[in-house]
Amino acid sequence: MAFDSPLPTPTLTLAIRRLDSSLSAEEIDRQVADLYPYLQSLESIGSLDYIRGKTPEGQEFRQGVYIPHLDAGQIRAVLRKLCHRLETTPQPLCLTLEHEDNILQIEAQDAAAIARYIPLAEKLVSPALVYQGWAEYYARDGELSPVAQASLDLIQQQLEIESEAAEAMVEKALGPYRSRAEKIERYREVYAQQAQYQYPLTDAAKADLRRYAESLGLTHSDTEALEQEYLQPLRDAETEKNQLKTQVTQLQNRVTQLQTPAEAPSQKEFESQLQQANRESYRDLYRQIIQSGLEISVYNQGRLEQAALDRGLSTEEVIQIEKAVSAEYFGAIESSRAGFDYSRLRQLLWQGAWKDADQETERMILQVASTDMRPINRDSILNLPIQDLLTIDQLWAWYGPDQFGFTAQRLVYNSDAIARMPSKFMQAVGWQEGFGDLLKITRRYQELRFTADAPVGHLPTWRWACTSLESNYSVAPNFVDSFFVYLDQHFPALPDGGEPSP
């Protein structure tokens with residue numbers, strides 16, 4: 001079933017690969033280059049991209065076409081266009097159609113074979129999701145025009161949606177604020193409350209406000225003027241506050257200079273040596289206490305506090321010493337972001353709490369990559385700091401040992417058996433179960449193995465790259481390859497011929 005207007009949600013991904021071992025890479029590249037504009041001519045198909053491959057000699061070539069955001073209403077139209085192509089130019093193709101954790105894979109070289117799968121492909125998306133998408137599309141201005149209502153009635157009938165359910169979805173799409181003026185006024189109230197609660201606004205708060213404005217159907221021009229209305233007085237007050245703090249600091253420094261006599265160099269040297277000895281003494285005590293584990297008893301914590309006091313060590317010095325010694329025994333927890341602390345992840349891994357550690361890994365990756373906690377996609381991979389990825393990788397490998405972490409996953413992906421094929425990789429690490437070449441079922445997150453004997457590379461999971469963080473565990477194949485390319489560019493090189501442990 002295809003509609004004439006663009007469907008905003010839901011969307012699927014479609015990968016079309018050229019299959020023919022008898023053809024050279026140059027011939028496959030040429031045929032894919034011809035297929036790209038043929039598909040692009042389809043109205044409202046959205047953006048396309050090439051799937052690229054490499055010959056054993058390292059030569060790159062275009063292996064297929066990828067449609068990252070295919071509207072559900074366009075499934076039949078796209079597959080029909082492929083059928084027309086195969087009617088005149090038969091060629092073996094592999095189609096992979098995905099929606100959330102549902103995957104349909106078709107291998108065919110004639111139009112009839114693909115046509116048989118069109119009804120099955122359309123069932124990857126539930127009718128309720130399709131109707132909800134159209135309801136949100138027509139309700140984008142806060143009300144339904146007569147033609148919009150008539151169109152929704154027709155779609156409801158075609159999708160066999162119950163009237164009561166359809167009404168509820170329309171109400172949800174329209175939301176509590178119907179008119180544009182009501183929406184702007186409500187956004188004004190929310191923005192004022194947030195600005196009074198927290199200024200300056202954090203990146204996370206700004207992202208939340210942008211999402212709220214988008215959910216109301218407001219544009220940047222709608223919100224910019226009223227934001228400036230509230231921000232300018234707050235900015236002026238913040239500037240005055242900072243100027244006052246600077247003046248106070250300057251006065252304090254001047255008073256200190258007048259009151260403190262110059263110290264002799266020998267006295268400075270003596271105090272420096274004494275302070276260094278005190279730091280080393282505290283380091284030895286801390287090393288002795290943590291040799292048995294990360295958990296420090298109340299008694300030993302008291303010993304450490306008294307030792308720091310007796311030696312005249314500052315809080316900053318104590319933190320640096322304990323951080324360095326803990327890294328020697330239990331792994332480093334360095335981050336490229338100020339204020340990020342991987343000590344809880346290290347503690348969970350040390351305890352063998354694999355599932356809690358996996359969820360802590362997800363939380364830290366989403367926080368360090370962005371302030372709005374959105375899942376990482378192929379376009380936002382560059383937001384992942386290499387230092388943090390290395391820390392996470394080394395901690396998982398430390399306690400795995402070596403069977404978990406990103407490096408273990410890279411070894412699996414680069415092994416001869418997997419040959420950098422995302423579908424084979426996800427099956428090898430136990431994230432996906434295959435039933436022949438046609439059907440591949442992605443396991444739900446609760447079905448994964450959070451134990452020390454899990455398959456090599458099984459942990460940590462990549463739930464931080466999933467479109468759904470609640471129950472489904474589905475990673476897009478194109479993301480798998482892009483992430484490993486990113487690691488290959490920045491991580492230490494894998495050993496020649498390196499293979500994962502069995």
S.K.: In Å, rounded to the nearest 0.5 Å, how long is the span from OG1 of Thr202 to CG of Asp208?
M.R.: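 Answer for the OG1-CG pair, Thr202 versus Asp208, is 7.5 Å.
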S.K.: Give a yes or no on this: more than 12 heavy atoms of other residues, nucleotides or ligands lie within 6.0 Å of atom CZ of Arg85.
M.R.: yes
S.K.: So do Tyr399 and Arg346 actually touch side chain to side chain, heavy atoms under 4.5 Å?
M.R.: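 Yes; the side chains approach each other to less than 4.5 Å.
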S.K.: Ignoring hydrogens, what is the shortest heavy-atom contact between Val456 and Val429? Give both atom names and the distance.
M.R.: O-CG1, 3.6 Å
S.K.: Quick check: closest heavy atoms across Phe340 and Ser335, and the distance to 0.1 Å?
M.R.: CB-OG, 3.3 Å
S.K.: Mark yes or no for whether Gln156, through its side chain, and Ile161, through its backbone, hold a donor-acceptor pair below 3.5 Å.
M.R.: yes
S.K.: Enter the distance from Ile376:CD1 to Leu366:CG here, rounded to the nearest 0.5 Å.
M.R.: 5.5 Å
S.K.: Measure from the side-chain N and O atoms of Tyr187 to the backbone N and O of Tyr212, and report whether any donor-acceptor pair falls under 3.5 Å.
M.R.: no
S.K.: Taking the basic N atoms (NZ, or NE/NH1/NH2) and the acidic carboxylate oxygens, is any pair closer than 4.0 Å for Arg363 and Glu360?
M.R.: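 Result for this pair is yes, salt bridge flagged.
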S.K.: Write down the atom of Ala108, the atom of Ile114, and the distance for their closest heavy-atom approach.
M.R.: CB-CG1, 3.9 Å
S.K.: Any ring pair (Phe, Tyr, Trp, His ring centres under 6.0 Å) involving residues 18-40? Give me the pairs, sequence neighbours left out, ordered by first then second residue.
M.R.: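 Every pair satisfying ring pair (Phe, Tyr, Trp, His ring centres under 6.0 Å) with a residue in residues 18-40: Tyr36-Tyr50.
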S.K.: Between Gln387 (side chain) and Arg337 (backbone), is there a donor-acceptor pair under 3.5 Å?
M.R.: no
S.K.: Taking C-beta and beyond as the side chain, do Gln91 and Leu35 meet within less than 4.5 Å on heavy atoms?
M.R.: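 Sidechains of Leu35 and Gln91: no contact.
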S.K.: I want to check something: taking the side chain as every heavy atom from C-beta on, are Thr461 and Cys466 in contact at a cut-off of under 4.5 Å?
M.R.: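 Thr461 vs Cys466: side chains apart.
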S.K.: Kindly assign one of parallel, tilted or perpendicular to the pair Phe484 and Tyr413, based on the angle between their ring planes and the thresholds 30° and 60°.
M.R.: parallel
S.K.: Has Arg378 got more than 12 heavy atoms of other residues, nucleotides or ligands less than 6.0 Å from its CZ?
M.R.: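 Enclosed.
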S.K.: Quick one: list whatever passes side chain to side chain contact (heavy atoms under 4.5 Å, CB included) with Gln157, sequence neighbours left out.
M.R.: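 Checked Gln157 against side chain to side chain contact (heavy atoms under 4.5 Å, CB included); matches are Leu154.
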S.K.: With a 3.5 Å cut-off and no angle check, do the side chains of Gln194 and Lys206 form a donor-acceptor pair?
M.R.: no
S.K.: Do the non-hydrogen side-chain atoms of Leu104 and Leu95 ever get within less than 4.5 Å of each other?
M.R.: no
S.K.: For a 4.5 angstrom cut-off between non-hydrogen side-chain atoms, does Gln489 reach Ile386?
M.R.: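 Gln489 vs Ile386: side chains apart.
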S.K.: Evaluate the side-chain proximity of Trp396 to Thr407: yes if any heavy-atom separation is below 4.5 Å, no if none is.
M.R.: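 No - every pair of side-chain heavy atoms lies 4.5 Å or more apart.
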S.K.: Any chance the rings of Tyr445 and Phe450 have centres within less than 6.0 Å?
M.R.: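 Yes, they do, as the ring centres are separated by less than 6.0 Å.
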S.K.: Between Asp393 and Arg410, does any side-chain N to carboxylate O distance fall below 4.0 Å?
M.R.: no
S.K.: May I ask you to test the Tyr66-Ile16 pair for a side-chain heavy-atom distance under 4.5 Å?
M.R.: no
S.K.: What are the two closest non-hydrogen atoms of Pro455 and Arg449, and how far apart are they?
M.R.: CD-NH1, 3.8 Å
S.K.: With salt bridge (Lys or Arg N to Asp or Glu O under 4.0 Å) as the test, would you mind laying out the steps for Glu185 and Arg188 before giving the verdict?
M.R.: CA-CA 5 Å; Glu185 185 58 33; Arg188 182 194 303 272; 3.4 Å; yes
S.K.: I want to know whether Phe406 and Phe483 have ring centres closer than 6.0 Å.
M.R.: yes
S.K.: So, for Gly457 and Trp431, which heavy atoms are closest and what is the spacing to 0.1 Å?
M.R.: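 Looking at all heavy atoms of both residues, the shortest contact is O-CZ2, 4.0 Å.
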S.K.: Got a donor-acceptor contact below 3.5 angstrom from the Gln403 side chain to the Ala452 backbone?
M.R.: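 Checked: pair present.
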S.K.: Is there a side-chain contact between Ile67 and Gln74 in this structure, where contact means two heavy atoms from C-beta onward sitting under 4.5 Å apart?
M.R.: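 Ile67 does not reach Gln74 side chain to side chain.
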S.K.: Among Thr391, Thr361, Asp388, which one satisfies side-chain hydrogen bond (donor to acceptor under 3.5 Å, both in side chains) with Tyr342?
M.R.: Asp388
